[in-house]
Every structure is written in structure tokens, then in C-alpha cells.
Number of protein chains: 2
Amino acid sequence: MRIGELARRTGVSERALRYYEQQGLLTSERRPSGYRLYREEHVPAVRRIRVLLAAGLSTAQIVEVLPCVVDDEGLLTPGCPELVDGLVRHRHRIDEAIGELEATRATLDTMLAGRRRAD
Amino acid sequence: MRIGELARRTGVSERALRYYEQQGLLTSERRPSGYRLYREEHVPAVRRIRVLLAAGLSTAQIVEVLPCVVDDEGLLTPGCPELVDGLVRHRHRIDEAIGELEATRATLDTMLAGRRRAD
DNA sequence: CTTGACTCTGACATCGACGTCAAGGTTTAG
DNA sequence: CTAAACCTTGACGTCGATGTCAGAGTCAAG
């Protein structure tokens with residue numbers, strides 16, 4: 001599919017999709033004309049990016065964490081051509097990102113303490 | 001105390017303190033000269049603002065939250081029910097992101113399991 | 001071929017949370 | 001009194017994630 005369809009299907013603007021690509025968050029093949037071409041798997045890929053952005057991670061943080069965000073298949077993404085050591089380092093970055101978010105969540109929980117009835 | 005001392009004691013720049021006041025997050029009395037005057041209670045007040053900013057809230061959100069926040073030895077307790085909704089939604093977005101990253105980490109662990117024991 | 005929908009790459013605009021600097025008034029120490 | 005240190009209000013700069021617009025190329029249908 002081309003960028004317009006991906007934009008419609010993800011609810012993300014074309015501008016944002018090009019920006020993600022420019023920041024290294026998203027890949028695309030190109031027609032000879034230069035038109036970007038996407039596959040089905042790019043739809044959930046965009047969703048993942050949006051979730052992380054919505055949680056307050058910057059594109060710079062996401063670009064470190066994302067190369068190893070893979071689908072249920074357990075297959076390596078082209079972003080992870082390397083060895084176990086690289087994967088372990090990526091895992092560490094993911095741990096850090098989770099830690100930051102958990103700290104943020106803890107702050108919110110403190111505010112909500114005694115006020116929230118159910119989760 | 002004047003703005004310089006408050007800045008030193010909170011670790012927040014004078015510029016930021018004036019900005020907080022401009023946004024309605026912080027109050028100050030004024031000398032005839034126009035100099036801002038702060039009291040002891042402004043130190044934890046600034047700390048509260050910083051905590052909320054660090055949790056990903058905007059000044060616009062904070063200005064709504066602050067009147068409902070009761071300072072209790074660093075504990076933040078919302079007293080206005082409609083706020084809880086917004087905070088819960090914010091918490092939910094963070095939960096989603098943590099979920100994404102945990103799924104990623106689990107997948108990563110699966111990949112690593114075949115090659116080397118995950119730490 | 002022409003039209004209209006779609007896409008491309010710049011490049012400037014916006015918004016939030018400040019940084020930084022300018023030009024000037026105030027306070028305090030000597 | 002004077003100088004240093006402190007304060008004031010603008011106003012412009014920055015950075016990240018977009019919006020928006022311009023000028024131009026591409027593609028499918030009639």
C-alpha cells in the first residue's frame with residue numbers, strides 16, 4: 001500500500017509517517033517513482049510507535065528500543081542483524097524504558113491513592 | 001525569600017519559576033519594587049509542580065490538578081473527582097506502553113533463550 | 001492527451017517548556 | 001555615594017513532533 005492508505009488505516013498523518021521514517025522509526029520500500037510502499041506489517045508497526053509516543057517516549061528513545069520490537073513470530077527484524085550481545089543491550093534499553101514508565105505510573109498512583117475504586 | 005533563593009533551593013531556574021507563575025501554577029507576593037517574595041511553603045509547592053511535569057502532565061493539566069492537590073509529606077492526593085478520570089486515562093496510556101515493551105522484552109527473551117541464557 | 005487524485009521533497013509555522021540576552025530598576029556592602 | 005549583586009519585563013531562540021503549503025512528478029481513467 002502507499003502512504004495515503006497507511007495513513008488512513010492507522011489514523012496517523014502522512015506527514016507524521018514521513019517524519020517517523022526520517023527519524024529511523026519506520027522503513028519503506030520505494031517505487032522507481034519514489035513513492036513509498038508499505039506492507040501489512042507496517043500497520044501494527046505504526047501502532048507500536050504511537051503507543052510509545054503517547055506514553056511520553058521521544059523518537060530518540062523509541063529508535064533505540066524499537067529495532068527489537070518484533071511481532072509474535074519471534075523473528076528477528078532487519079534492525080537486529082547482530083549477535084546476542086546486541087540483543088542483550090537492546091533488552092537493557094527496554095528495561096530502562098519500562099523503569100521510567102513505571103516510575104511515572106507510580107507517581108500517578110500516589111495521586112490516585114484512596115480515590116480509585118477499581119483498576 | 002526572593003526568586004534567586006527559591007531557585008537555588010528548588011534547583012529550578014528563575015526563568016522556569018516566572019514561567020510557572022505566568023501559567024498560573026505558582027503565586028508570589030510583590031514588594032513595591034516589583035520583586036517577587038516567596039515563603040517557605042513555596043519550596044514544596046515548586047517540588048510538586050516538578051513532580052507533575054516529570055510525570056508527563058502539561059502545565060495546563062497541572063493548573064487544573066493543583067487546586068485539588070493536598071500536600072502531605074510528599075504525598076499527592078486529588079480531591080476533585082473529575083480529575084481522576086484524566087489521570088486514570090493518562091495512567092492507562094502508560095500501562096499500554098509498558099505492556100508493549102514487556103511483550104517486546106518477552107519476545108527478546110525467547111530469541112535469546114535458544115542461544116544463551118537470558119539474565 | 002488531459003484531468004484529478006495521489007505522491008514527492010523542501011521549507012516555513014506552531015506549541016510547550018523553557019534558555020538566553022537586553023535594558024533597565026533595586027538592594028546591600030563598603 | 002558607588003559598585004556589585006539581584007531583580008524586573010520583554011523578546012527572541014531552541015527543540016521535538018507535527019501542520020501546512022508550494023512546486024513538481026506520477027498514475028489510472030476517460
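These figures come from a predicted structure and were not determined experimentally. Just so it is clear: chains get the letters A, B, ... in the order the sequence lines come, proteins before strands, and each one is counted from 1.
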Give a yes/no on whether any side-chain N or O of A:R30 is located under 4.0 angstrom from OP1 or OP2 of D:dT26. no
Can you find a pair of side-chain heavy atoms, one from B:R50 and one from B:L53, that are under 4.5 Å apart? yes
Is A:Q23 close to A:I62 at the side-chain level, that is, under 4.5 Å between some pair of heavy atoms? no
Between A:Y38 and A:E21, which heavy-atom pair has the shortest distance, and what is it? OH-OE1, 3.8 Å
d([atom1], [X]; [atom2], [N]) in whole Å:
| X | N | atom1 | atom2 | answer |
| --- | --- | --- | --- | --- |
| B:L37 | D:dC6 | CG | P | 16 Å |
| B:I3 | D:dT8 | CD1 | C1' | 10 Å |
| B:Q22 | D:dA11 | CD | P | 12 Å |
| B:Q23 | C:dC15 | CD | C1' | 11 Å |
| B:Q61 | C:dG16 | CD | C1' | 12 Å |
| B:M1 | D:dC7 | CE | P | 12 Å |
| A:E21 | C:dT7 | CD | C1' | 13 Å |
| A:L25 | D:dA17 | CG | C1' | 11 Å |

side-chain contact (heavy atoms from CB on, under 4.5 Å) between B:M1 and B:R36: does it pass, once the steps are laid out? CA-CA 8 Å; B:M1 79 195 83; B:R36 287 172 180 82; over 6 Å; no
Taking any heavy-atom pair under 4.0 Å as a contact, classify A:R18: base, sugar-phosphate, or nothing. base
So, the side chain of B:R30 versus the backbone of B:G34: is there a donor-acceptor pair under 3.5 Å, distance only? yes
Is a donor on one side and an acceptor on the other found under 3.5 Å between the side chain of A:Q61 and the backbone of A:S58? yes
What does nucleotides 18-30 of chain C look like as a protein-contact string, B for base, S for sugar-phosphate only, - for none, at under 4.0 angstrom between heavy atoms? BBB----BBS---
